[in-house]
Amino acid sequence: MPDVTFYRNEALPFLEAKQCTKSDLTYQKHFHEEYSIGSIDEGETSAWCDGTMHQVEAGRVISFPPYMLHACHPASLTVWRYKMLFIKQDWLKQLERRELEQLHIPFLLEGDKNQYCRHLIAGILTTPSGKHFA
């Protein structure tokens, strides 16, 4: 498996998933046009976000709204795995107003919310047959 794999499905054009394993990349400051929600599977990183540094360890979910400047610097270049979902803004804009009001994307989730979100991200990357989202 390559260090970075992208998953797309024509039936879900608003969603893209990325899985990274043992990446030797350190990330410069950047932003995404989409909502970005990630799950740290292994390792830890120093995550710079909008002027503040955060330590993010395995098991945590991290998210960034569109255009928020951020960068991640893994503590170990050999022990670093994560999954990231990118959700296009256009798709979210079609939601009903009450649905949008319920949508809160914090920077770091805590407790049960964190665990539930990790479970959902893992589920999105695997179909019922056990094959990866392609």
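Taking 4.5 Å as the limit, every side-chain heavy atom of F31 sits out of range of all side-chain heavy atoms of P66. Residues Y35 and S63 form no side-chain contact, since every pair of their non-hydrogen atoms from C-beta on lies 4.5 Å or further apart. Residues H30 and H70 meet the side-chain proximity criterion, which asks for heavy atoms closer than 4.5 Å. Residues T45 and W80 are in side-chain contact: their nearest non-hydrogen atoms beyond the backbone lie under 4.5 Å apart. The shortest distance between side-chain heavy atoms of L15 and N9 does not fall below 4.5 Å.
Listed here is the closest heavy atom pair of P74 and C72: CD-O, 3.8 Å. Scanning all heavy atoms of the two residues, the minimum distance from H73 to Y27 falls at CE1-O, 3.2 Å. Across all non-hydrogen atoms, the minimal contact from V61 to R118 is CG2-CG, 3.3 Å. When every heavy atom of E44 is checked against every heavy atom of Q55, the shortest pair comes out as OE2-NE2, 3.5 Å. Nearest approach of K83 to I121, heavy atoms of both residues: CB-CG2, 3.9 Å.
Side-chain contact check for Y7 and Q19: at least one donor-acceptor pair (N or O, by modelled atom type) lies under 3.5 Å.
Side-chain atoms of H119 do not come within 3.5 Å of backbone N or O of C117 as any donor-acceptor pair. Looking at N114, its side chain does come within 3.5 Å of a backbone N or O of G59 through a donor-acceptor pair. When atom types are taken as modelled, the side chain of Q28 and the backbone of A71 share no donor-acceptor pair closer than 3.5 angstrom. No donor-acceptor pair closer than 3.5 Å links the side chain of T21 to the backbone N or O of R81.
Atom CG of residue D90 and atom CZ of residue F14 lie 12.0 Å apart, to the nearest 0.5 angstrom. The OG atom of S39 sits 11.0 Å away from the CD1 atom of I62 when rounded to the nearest 0.5 Å.
Separation of the F86 and H32 ring centroids falls under the 6.0 Å cut-off.
With respect to Y82, the side-chain hydrogen bond (donor to acceptor under 3.5 Å, both in side chains) criterion is satisfied by exactly one of R60, K18, E42: K18.
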Item to check | F64 vs E34, side-chain contact (heavy atoms from CB on, under 4.5 Å): CA-CA, chis, key distance, verdict | outcome: CA-CA 9 Å; F64 305 102; E34 306 85 9; over 6 Å; no
Checklist entry - Would S46 and H54 count as a side-chain contact (heavy atoms from CB on, under 4.5 Å) if you check the C-alpha gap in whole Å, the side-chain angles of each, and the deciding distance to 0.1 Å? => result CA-CA 6 Å; S46 297; H54 302 269; over 6 Å; no
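Within a 6.0 Å sphere centred on OH of Y116, heavy atoms belonging to other residues, nucleotides or ligands number 12 at most.
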